[in-house]
Each structure stands twice: as C-alpha cells, then as structure tokens.
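Have a look at the structure below, then the notes.
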Amino acid sequence: MTESVKTNLLDFDRKGLATFFVGIGEKTFRATQLLKWIYQEDVTDFDQMTNLSKSLRAYLKENCTIVAPEILIEQIASDGTTKWVVEMGLGNRIESVFIPEEKRGTLCVSSQIGCALACTFCSTAKQGFNRNLSVAEIIGQLYVAQKRLGDKQRITNVVMMGMGEPLLNFNNVVAAMNLMMDDFTYGLSKRRVTVSTSGIVPAMHRLNEVCDVSMAVSLHAANDELRDELVPINQKYPLKELMGACREYAKQGPRKHITFEYVMLEGVNDSVQDAMALIKLLKNVPAKINLIRFNPFQNSGYRCSSIDTISRFKDILHKSGLVTTIRKTRGDDIDAACGQLVGKVKDKSRRHLKLQNMSTANVA
Ligand code: SAH
C-alpha cells in the first residue's frame, strides 16, 4: 500500500478520531490515547504506542500514517519573529509566523493556499487561490512550529490570520481549532484561539453554533461604499448584516467582544469623519479596535497613514469609549507582517490574468 492512500491521523479531531476507531471495531477512548501520543508525547511510530493492543498497532501501521507538512525555509527577524515557509505539495507553499512576546507566544496560521477574496490592500489576495488546506495541514503548522521551537518557547495563542479566509474553509478550520483546544493535544484556551474573517456572515452564524473561539473581523471601512471597494465580499454581506452577526457572536458564552481590525490607509479611511463613522457603526456592538499599520508591498497603490494621523484616529475612538490599540508591526524585515504573506500559489482562479486585464484597462 502506498503512503498516499493511507489515512493521515492528523486529519481528525477527537470526535473524528473516535468515529474512525468505532469504524474499525475499537472503543472511542482510543482517540484520546492516540492524541496524547501524537501531540503530547511526540511519538509517531505506532510500535511505540504501548497502550494500544498489538493488533491495533499492526492495523494502524498498515493503514494509517501521521504526516505533518514540512518546513522548507525558516527566517528569523531582528525582533525574534520567525517565519516558516511550509511545503504543501504540487508547487504550493504557505507561510506561518511565530511572534514571541514576554508572556505569550502567538502563531499566525494559514487556512488556504492563496485567497479567493480580493481585498485590495492585501498581497496574499494578489496571488490568487489554489485550494483549502486540510485539517492535517492546518494543525500541522502548529505541530511543526512547536516541535521546531522546542521546550524553550511555548505557543500559547493561535490566530487564524495567515493566508486565506478561514471561514471559507469552515469544516477543516473548525476541526483544527477544536484540536488545538483539546486537553489531549495543546489544550489552548478558547480565548487564545482567534479566527479572523473578512465577514462571511452565514459562516459566522454557523460558527456561533459549533465553536467558542474569539473572533476578529477585518473591517477597514465604516461605510458600505468604501468597504465594497477595499473588502469586496462586503458587496455580498454588507455592514448591516455583518454587524448583526457580530452582535450575535459576542452574546454567547465567554466571548465578551469582537476585535475589529482596521488597516490605516493614507487618505483612504483615516480621516476624522472616518473615525466618527466607525464610532457610530460600533455603537451597539461590544468591540475592541485594533488599528493596523498598512504593510506595503510592491505595486500596492496604498501608503500607510502617518504616525500622527494614526494617533489622532486612535484618540478620537478612545475618547468615545472604544478600547483601541495600535498593532505592533512585527517581523516586517522578513516580510512576515500582516498582509505580506505570499508563499507560493499555483493560482487556479486566473486572478493574475484578471488583474493584468484590469490594469491594462486602466491604462487604456
Ligand atoms: N482573511 C482573513 C484572515 C487573513 S488577514 C481576514 O480577512 O481577516 C489578517 C489581517 O491582516 C486582516 O485583518 C487583513 O485585512 C490584514 N491585512 C491584509 N493585508 C494587509 C497589509 N498589507 N497591511 C496590514 N494588514 C493587512
């Protein structure tokens, strides 16, 4: 039997694994035993899994595998931020980023190869889209990163803010997040796992039913006209619907607020009026605002607002009672900052052709 037809056990969360074991006539507790071996004991050789019966070990050896994606390149920035380029096969590569801080270590995880959305200020968007990542490829980023960091540095937080739109890869992302939070793997707290979305409203409602993670919404504009342009998915799910979904999500359980990400683009969304509109928009939503410096990339057509403009914007929000932070830029000397992750995408969406046509049309 070749490797490729074997079942990769990294593709299952605990529930999936339990179903798998029941399917082969085993008890469900095998799922927790296996998770512990893989994620806590760092054992992938079935022969070493001593609390499994000999016959089960033989079955797993014959039919299953435990394969994580491979790190191809590691780059460490002057501030300690580490970027890994991870091989995903067939010429595709994604990037994940580790951001060390004094009291925590955050891993920024990708959910898709490329991105199908066309946010105008994001370099991943320019690359087009290839495919969704599997559960193994998503949890695998945490698995290989923690292994690489060793005992010295623990990953305490995960943000689904790498390449791709996580809520357009719903089932795999939810399973991978469930895995991260499982007591038999990394046991990350649900407050420390954050899904970031450009606002896929139906998926936000679905997530509300099945998962308890924190949510960040990439807002970037406080009126539909501008947001339609910057985050085109807004044309499908406009602000009124988006705010409704945010209110619903924030209502439940331990979640107290939604984090709104707002990239500061000079002369585009950074005026006093924009700040006032934002205050009005978020009036009835439990919100924290995270202002992000625009990270430039070639031919983006945008510039980051000046430090003065950003602080003025922040002060206006702050005075209205909105908790507002300015995100520290980390790892920009290795292109590991927000919106700079590009990997290598074999575009299937023909995005590059469309963009080329658009720019020739503009010139003509
Ligand atoms: N698709 C998801 C997650 C990936 S992007 C989302 O839209 O939320 C993570 C964050 O980085 C988003 O808020 C995104 O809007 C922001 N971002 C994208 N390009 C950027 C850039 N060039 N500079 C700064 N932030 C950027």
Side-chain angles (χ1 to χ4, degrees), residues 6-53 55-69 96 105-107 109-112 132-147 154-160 162 166-167 169-195 203 206-215 249 252-255:
K6 288 188 173 183
T7 304
N8 188 355
L9 296 177
L10 294 189
D11 264 324
F12 295 121
D13 61 6
R14 189 181 342 161
K15 223 165 107 194
L17 215 46
T19 310
F20 166 78
F21 278 119
V22 169
I24 59 170
E26 291 283 336
K27 294 275 192 300
T28 54
F29 71 84
R30 295 293 183 203
T32 53
Q33 288 180 321
L34 202 94
L35 288 179
K36 269 175 112 169
W37 282 119
I38 299 175
Y39 296 99
Q40 296 184 349
E41 306 295 335
D42 194 18
V43 169
T44 51
D45 175 0
F46 295 116
D47 283 331
Q48 288 180 37
M49 301 184 178
T50 44
N51 56 359
L52 308 184
S53 68
S55 60
L56 177 57
R57 276 185 257 165
Y59 177 90
L60 294 176
K61 242 169 102 171
E62 181 72 20
N63 299 289
C64 300
T65 163
I66 297 169
V67 183
S96 22
T106 304
L107 187 71
V109 169
S110 295
S111 56
Q112 298 182 313
N132 283 333
L133 293 180
S134 67
V135 180
E137 290 165 334
I138 300 169
I139 193 69
Q141 293 171 62
L142 175 54
Y143 178 86
V144 294
Q146 187 59 72
K147 246 171 131 99
R154 283 235 65 83
I155 295 167
T156 58
N157 294 52
V158 166
V159 290
M160 300 299 305
L167 294 188
N169 183 11
F170 192 88
N171 291 342
N172 293 350
V173 165
V174 167
M177 293 192 305
N178 281 338
L179 258 180
M180 296 169 194
M181 297 186 290
D182 198 301
D183 284 343
F184 294 96
T185 66
Y186 301 101
L188 296 185
S189 124
K190 47 193 164 197
R191 286 199 189 84
R192 289 168 174 265
V193 175
T194 302
V195 69
R206 260 175 84 200
L207 191 71
N208 202 7
E209 317 261 291
V210 297
C211 202
D212 248 348
V213 292
S214 301
M215 185 176 289
Y249 198 83
Q252 192 140 316
R255 313 168 202 142

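These values consider heavy atoms only, across backbone and side chains, with no hydrogens, waters or symmetry-generated copies.
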Nearest 0.5 angstrom please: M180 CE to M160 CE, how far? 5.5 Å
For a 4.5 angstrom cut-off between non-hydrogen side-chain atoms, does C64 reach T7? yes
Can you name the one residue among V135, I138, N178 that meets side chain to side chain contact (heavy atoms under 4.5 Å, CB included) with V173? I138
Using the rule given for side-chain contact (heavy atoms from CB on, under 4.5 Å), can you reason through Y59 versus I24, listing the C-alpha separation, both sets of side-chain angles and the distance that settles it, and then say yes or no? CA-CA 9 Å; Y59 177 90; I24 59 170; 3.3 Å; yes
To the closest 0.5 Å, what do you measure between CD1 (I38) and CD1 (I139)? 10.5 Å
With sequence neighbours excluded, residues passing ring-ring contact (aromatic ring centres under 6.0 Å, His included) with F170: none
How many angstroms lie between CG in N169 and CG in N132, if you round to the nearest 0.5 Å? 3.5 Å
Quick one: closest heavy-atom pair of Y186 and L142, and the distance? CD1-CD2, 3.5 Å
Any heavy-atom pair between the side chains of M215 and L207 that's under 4.5 Å? yes
When rounded to the nearest 0.5 angstrom, what is the spacing between OH in Y39 and CZ in F184? 14.0 Å
Do the side chain of E137 and the main chain of S110 share a donor and acceptor less than 3.5 angstrom apart? no
Nearest non-hydrogen partners of D42 and K147, listed with the distance: OD1-NZ, 2.6 Å
Looking at every non-hydrogen atom in both residues, tell me the closest pair between V144 and A68 and how far apart they are. CG1-CB, 3.8 Å
How would you list, by chain and number, every residue that makes a side chain to side chain contact (heavy atoms under 4.5 Å, CB included) with D47, sequence neighbours excluded? D45, K61
Sub-3.5 Å donor-acceptor pair from the side chain of D13 to the main-chain atoms of L179, do we have one? no
Sorted by chain and number, sequence neighbours left out, ring-ring contact (aromatic ring centres under 6.0 Å, His included) with F21 holds for none
Looking only at non-hydrogen atoms, find the nearest pair between Y249 and V213 and report the distance. OH-O, 2.8 Å
From the list K36, K190, R14, K15, salt bridge (charged side-chain N to carboxylate O under 4.0 Å, His left out) with D182 holds only for R14
Answer yes or no: is there a side-chain heavy-atom contact under 4.5 Å between Q141 and V158? no
Is there a side-chain contact between L34 and F12 in this structure, where contact means two heavy atoms from C-beta onward sitting under 4.5 Å apart? no
Measure the spacing between CD of Q252 and SG of C211 and express it to the nearest 0.5 Å. 11.0 Å
Side chain of T156, backbone of G105: donor and acceptor closer than 3.5 Å? yes
For L56 and L60, what are the C-alpha separation, side-chain angles and deciding distance, and is it a side-chain contact (heavy atoms from CB on, under 4.5 Å)? CA-CA 6 Å; L56 177 57; L60 294 176; 4.0 Å; yes
Grab the two heavy atoms, one from P69 and one from G140, that are nearest each other, plus how far apart they are. CD-CA, 3.8 Å
How long is the span from the CG atom in L9 to the CG atom in L17, to the nearest 0.5 Å? 6.0 Å
Would you say K6 and E62 make side-chain contact, with heavy atoms under 4.5 Å? no
Could you check N171 against R206 for side-chain contact (heavy atoms from CB on, under 4.5 Å), going step by step and ending with a plain yes or no? CA-CA 10 Å; N171 291 342; R206 260 175 84 200; 3.2 Å; yes
So N157 and L188, do their side chains get closer than 4.5 Å, heavy atoms only? no
